[in-house]
Undergrad: 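Mind looking over this structure? Questions follow.
Here is how names work: the chains are called A, B, and so on, in the same order as the sequence lines, proteins then strands, and each is numbered from 1. Only a predicted model underlies this, so the values are computations on that prediction, with no experimental measurement involved.
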2 protein chains.
Amino acid sequence: MKRRDFGQYCGLARALELVGERWALLIVRNLIVRPRRYSELQTGLSGIPTNVLATRLKELEQAGIVERQVAPAPARGVVYALTEVGRSLEPALLSLARWGATQLGDPQPGDVVTPEGAVLSLRTAFQPSQAAGLTASWEIHVRGAVVHAVITDGELVTGLGPAPVEPGLVMVPQLADDQLAAYRVIIAVMRDGLVELRGDRELLDTFLRVFTVPLAA
Amino acid sequence: MKRRDFGQYCGLARALELVGERWALLIVRNLIVRPRRYSELQTGLSGIPTNVLATRLKELEQAGIVERQVAPAPARGVVYALTEVGRSLEPALLSLARWGATQLGDPQPGDVVTPEGAVLSLRTAFQPSQAAGLTASWEIHVRGAVVHAVITDGELVTGLGPAPVEPGLVMVPQLADDQLAAYRVIIAVMRDGLVELRGDRELLDTFLRVFTVPLAA
DNA sequence: CTGCATCCACTTTGATACTG
DNA sequence: CAGTATCAAAGTGGATGCAG
């Protein structure tokens with residue numbers, strides 16, 4: 001298995017040799033949210049061929065980015081997780097996602113949105129400068145899925161599922177059936193006030209201020 | 001020419017659809033330094049097949065990232081330049097390069113280093129926090145190539161060729177013939193004092209402090 | 001010369017089927 | 001569940017051709 005390289009001694013070229021192949025960064029993205037089983041990755045990466053997923057995981061493992069763990073005790077099986085090196089990709093990944101978000105047009109028919117995408121979007125949209133010193137927490141409920149965002153003294157933690165602490169505000173945007181549950185759609189809907197709130201309603205404005213969707217230039 | 005997409009409405013997926021294909025980001029990297037002719041790109045991207053370069057340029061043009069300009073007056077011919085959207089990729093590109101730099105091993109036989117790579121390395125290594133309020137300028141001369149770095153009140157401008165202003169310090173690292181002129185090699189050599197200086201010698205320490213090579217975790 | 005287009009061998013990807 | 005096997009289609013790398 002010889003790696004095709006770019007023949008340049010350069011950080012960018014190296015990065016692309018390691019995670020530049022098709023699907024690789026999207027796999028890392030899904031693992032950034034939390035460790036995953038093979039089948040979870042398969043469904044989360046709507047459309048990835050199974051042989052490509054298997055190949056990428058092996059390459060990423062060899063590159064020291066992903067770790068293949070055989071889960072212990074109760075829920076045994078195989079779990080893929082990021083290594084420290086893999087986690088250190090997050091700033092670059094968010095930076096790319098932020099740029100890509102400015103280049104998003106309208107959803108194409110067939111496009112899907114995954115809860116992982118929502119978590120990533122939250123981290124992408126997060127404006128540290130707007131959150132300095134802030135402590136607050138939210139849950140967003142959309143079509144059965146729940147994601148949380150907890151800011152502690154300006155530091156953001158996000159993830160799937162309910163918040164680890166009682167959230168300051170629970171937001172349930174009222175999406176029409178034909179609306180895609182994409183982050184920017186959710187933000188737009190909430191901005192229009194089409195949202196059910198439970199908790200401190202003032203936190204809605206705070207949320208909209210701290211998590212700003214990047215727009216096209 | 002239908003684009004292969006990832007079927008996800010997600011900023012990262014969008015970014016990868018636009019610049020995720022092989023060689024694409026390296027082309028953008030070279031154009032970030034300055035606009036280029038086709039043949040300059042070809043030699044700067046050591047090893048890129050000509051048909052792939054042509055294809056990528058068309059795709060990047062269609063994506064609104066690259067502009068094909070027919071050069072006017074004296075030096076006529078075709079010139080490729082980044083659009084505003086293309087330039088807005090720089091933070092993401094530097095972020096990826098910074099990560100990749102931590103994953104660089106030793107140079108492989110056959111690896112090349114381009115002046116563009118050096119400029120990119122300067123921007124990658126730049127530590128804004130160390131440069132707050134600073135005003136200074138340098139030139140580095142290596143094997144006939146010259147790159148400059150000018151910091152004005154903490155803001156960095158780098159490029160190929162001599163500095164637009166009289167540089168505060170000219171540095172000529174003494175590389176052995178068998179040493180690759182890679183950024184990290186140059187830094188190591190200069191840190192060891194193997195460098196010829198012309199100008200304010202105290203700016204050497206400043207330089208080494210402000211432009212720190214990212215190291216492996 | 002520059003700026004590609006064409007052709008061809010080879011590799012990677014996508015889609016589907018199948019197995020321990 | 002966690003992959004491997006198979007095969008067609010698309011993409012890549014390398015060489016060459018050719019018009020302005």
Undergrad: Check whether any side-chain N or O of A/R37 sits under 4.0 Å from OP1 or OP2 of D/dA2, and answer yes or no.
TA: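 Indeed, a polar side-chain atom of A/R37 lies that close.
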Undergrad: Could you tell me if A/R68 sits above the aromatic ring of A/Y38, with its cationic atom closer than 6.0 Å to the ring centre and no more than 45 degrees from the axis?
TA: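 No, A/R68 and A/Y38 do not form such a contact.
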Undergrad: Considering residues at least two apart in sequence or located in another chain, which fulfil the side chain to side chain donor-acceptor pair (under 3.5 Å) criterion with B/S39?
TA: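 Counting only residues at least two positions away or on another chain, B/S39 forms no side chain to side chain donor-acceptor pair (under 3.5 Å).
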Undergrad: Strictly below 4.0 Å: does B/R4 bring a side-chain N or O up to OP1 or OP2 of D/dA9?
TA: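 Checking D/dA9 against B/R4, no side-chain N or O comes under 4.0 Å of OP1 or OP2.
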Undergrad: Looking at C/dT12, I'd like to know if its phosphate oxygens (OP1 or OP2) sit under 4.0 Å from a side-chain N or O belonging to A/R56.
TA: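 The answer is no; no side-chain N or O of A/R56 sits under 4.0 Å from OP1 or OP2.
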Undergrad: What pairs with B/R56 under side chain to side chain donor-acceptor pair (under 3.5 Å), at least two apart in sequence or on another chain?
TA: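 With neighbours one apart ignored, the set is B/E59.
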Undergrad: To the nearest 10 degrees, how far apart in direction are the end axes of the helix from C/dC1-D/dG20 to C/dG20-D/dC1, each fit to five base pairs?
TA: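 Axis angle across the helix from C/dC1-D/dG20 to C/dG20-D/dC1, nearest 10°: 30°.
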Undergrad: Using whole Å, report how far CD of B/Q42 lies from P of C/dC1.
TA: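 So the CD-P distance, B/Q42 to C/dC1, works out to 14 Å.
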Undergrad: For C/dG14 and A/W23 - does any side-chain N or O of the residue sit under 4.0 Å from the phosphate oxygens OP1/OP2?
TA: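 Looking at the OP1 and OP2 atoms of C/dG14, one of them is under 4.0 Å from a side-chain N or O of A/W23.
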Undergrad: Where the side chain of B/A54 is concerned, which of C/dC4, D/dG3, C/dT13 is the nearest nucleotide?
TA: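 For B/A54, the side-chain atoms sit closest to C/dC4.
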Undergrad: My understanding is that only residues two or more places apart in sequence, or in another chain, count here; which of them pass side chain to side chain contact (heavy atoms under 4.5 Å, CB included) with B/L104?
TA: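 Applying side chain to side chain contact (heavy atoms under 4.5 Å, CB included) to B/L104 gives A/Y9, A/R14, B/R184.
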Undergrad: Only counting residues at least two apart or in another chain, list the ones meeting side chain to side chain contact (heavy atoms under 4.5 Å, CB included) with A/R87.
TA: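 Partners of A/R87 under the side chain to side chain contact (heavy atoms under 4.5 Å, CB included) test: A/L82, A/E84.
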Undergrad: Please report, rounded to the nearest Å, how far the C1' atom of C/dT11 is from the CZ atom of A/R22.
TA: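 To the nearest whole Å, that distance equals 15 Å.
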Undergrad: With sequence neighbours excluded, tell me which residues meet side chain to side chain donor-acceptor pair (under 3.5 Å) with B/T158.
TA: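 Per chain and number, B/T158 pairs via side chain to side chain donor-acceptor pair (under 3.5 Å) with B/R123.
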Undergrad: Honestly, is A/R98 close enough over A/F126, meaning NZ or CZ under 6.0 Å from the six-membered ring centre and within 45° of the axis?
TA: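 Geometry flag: not set, cation outside 6.0 Å or 45°.
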Undergrad: Reckon B/R68 has a side-chain N or O less than 4.0 Å from the OP1 or OP2 of C/dC4?
TA: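 For C/dC4, OP1 or OP2 has a side-chain N or O of B/R68 closer than 4.0 Å.
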Undergrad: Could you state the CG-P distance from A/D5 to C/dT11, rounded to the nearest angstrom?
TA: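 About 15 Å, once rounded to whole Å.
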Undergrad: What is the distance from atom CG of B/D177 to atom CZ of B/R143, rounded to the nearest 0.5 Å?
TA: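 One gets 6.5 Å once the value is rounded to the nearest 0.5 Å.
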Undergrad: Counting only side-chain nitrogens and oxygens, does B/K58 get under 4.0 Å of the OP1 or OP2 atom of C/dA5?
TA: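 Yes.
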Undergrad: Identify, with sequence neighbours excluded, every residue that meets side chain to side chain contact (heavy atoms under 4.5 Å, CB included) alongside A/A81.
TA: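 Partners of A/A81 by the side chain to side chain contact (heavy atoms under 4.5 Å, CB included) criterion, ordered by chain and then number, come out as A/P35, A/Q69.
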Undergrad: Taking CG from B/L53 and P from C/dG3, how many angstroms apart are they, rounded to a whole number?
TA: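 Going from B/L53 (CG) to C/dG3 (P), I get 10 Å.
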Undergrad: Looking at B/Y80, does any N or O in its side chain come under 4.0 Å of the phosphate oxygens OP1/OP2 on C/dC4?
TA: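 Checking C/dC4 against B/Y80, a side-chain N or O does come within under 4.0 Å of OP1 or OP2.
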Undergrad: Identify, with sequence neighbours excluded, every residue that meets side chain to side chain donor-acceptor pair (under 3.5 Å) alongside B/Q42.
TA: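 Side chain to side chain donor-acceptor pair (under 3.5 Å) check on B/Q42 returns nothing, list empty.
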Undergrad: To the nearest Å, how far apart are A/E59 CD and D/dG3 P?
TA: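 It is 15 Å, rounded to the nearest whole Å.
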Undergrad: Starting from C1' on C/dG3, measure out to CG on B/L45 and report it in whole angstrom.
TA: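 Rounding to the nearest Å, CG of B/L45 and C1' of C/dG3 are 15 Å apart.
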Undergrad: Measure CG/A/L57 against P/D/dT4 and give the value in whole Å, please.
TA: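 About 10 Å, once rounded to whole Å.
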Undergrad: Look for any protein N or O under 3.5 Å of an N or O in nucleotides 15-19 of chain C and output each such pair with its distance, or none.
TA:
| residue | atom | partner | partner atom | Å |
| --- | --- | --- | --- | --- |
| C/dA15 | N6 | A/N51 | ND2 | 2.8 |

Undergrad: Could you pick out which residue, A/T55 or B/Y38, lies toward the 5' side of DNA chain C when each is mapped onto its nearest nucleotide?
TA: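 Whichever sits nearer the 5' end wins; that is B/Y38.
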Undergrad: To the nearest Å, how far apart are B/I48 CD1 and D/dG11 C1'?
TA: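 B/I48 atom CD1 is separated from D/dG11 atom C1' by 13 Å.
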